[in-house]
Amino acid sequence: MATPAQIMLQTYLAAEAAVLQGQSFRMGERQLNRADLAEIRAGRREWEAKVNAQARGGSRMSVALADFRGGE
């Protein structure tokens, strides 16, 4: 079963292919045209990163700790 990230990646790949063929692509309420190719590619890269993160064992959160106690 495909994960939501894999589904979104496939959607962006289909949009990119349609625009590269000189077509427009509808994704929900949004109409994407050739002029939107940069936006489509940015979205594809975002979802590729999420799919790759899942393949490496899930999304990992980074945590930063701060010490606000003062420097005595």
Side-chain angles (χ1 to χ4, degrees):
M1 178 177 216
T3 67
Q6 290 170 327
I7 292 167
M8 287 302 298
L9 175 57
Q10 290 302 316
T11 301
Y12 272 95
L13 288 170
E16 187 174 11
V19 171
L20 288 170
Q21 293 172 10
Q23 300 171 7
S24 62
F25 188 82
R26 182 167 292 282
M27 193 178 333
E29 295 295 315
R30 297 178 66 188
Q31 178 74 30
L32 303 171
N33 300 308
R34 179 173 285 281
D36 301 313
L37 186 57
E39 182 180 338
I40 293 169
R41 285 182 170 162
R44 175 184 45 82
R45 285 189 293 270
E46 176 185 342
W47 288 103
E48 280 175 338
K50 290 179 184 188
V51 168
N52 290 336
Q54 289 176 349
R56 288 190 306 268
S59 60
R60 298 199 173 125
M61 294 180 63
S62 62
V63 176
L65 301 176
D67 183 354
F68 297 105
R69 293 180 288 183
E72 289 183 22

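In this text, all values refer to a predicted model and were calculated from it rather than measured experimentally.
Residue Lys50 holds its NZ atom at 11.0 Å from OG1 of Thr3, rounded to the nearest 0.5 Å.
Following chains of ILVMFWY side-chain contacts shorter than 4.5 Å, one can reach Leu37 starting from Tyr12, so the two form part of one hydrophobic cluster. No path of Ile, Leu, Val, Met, Phe, Trp and Tyr side chains, each step under 4.5 Å between heavy atoms, connects Leu13 with Ile7, placing them in separate hydrophobic clusters.
Here the closest non-hydrogen pair linking Thr11 and Met27 is CG2-SD, 3.7 Å. Shown here for Trp47 and Met8, the closest heavy-atom pair between the two residues is CD2-CB, 3.4 Å. Smallest separation of non-hydrogen atoms from Met1 and Gln6: O-OE1, 4.2 Å.
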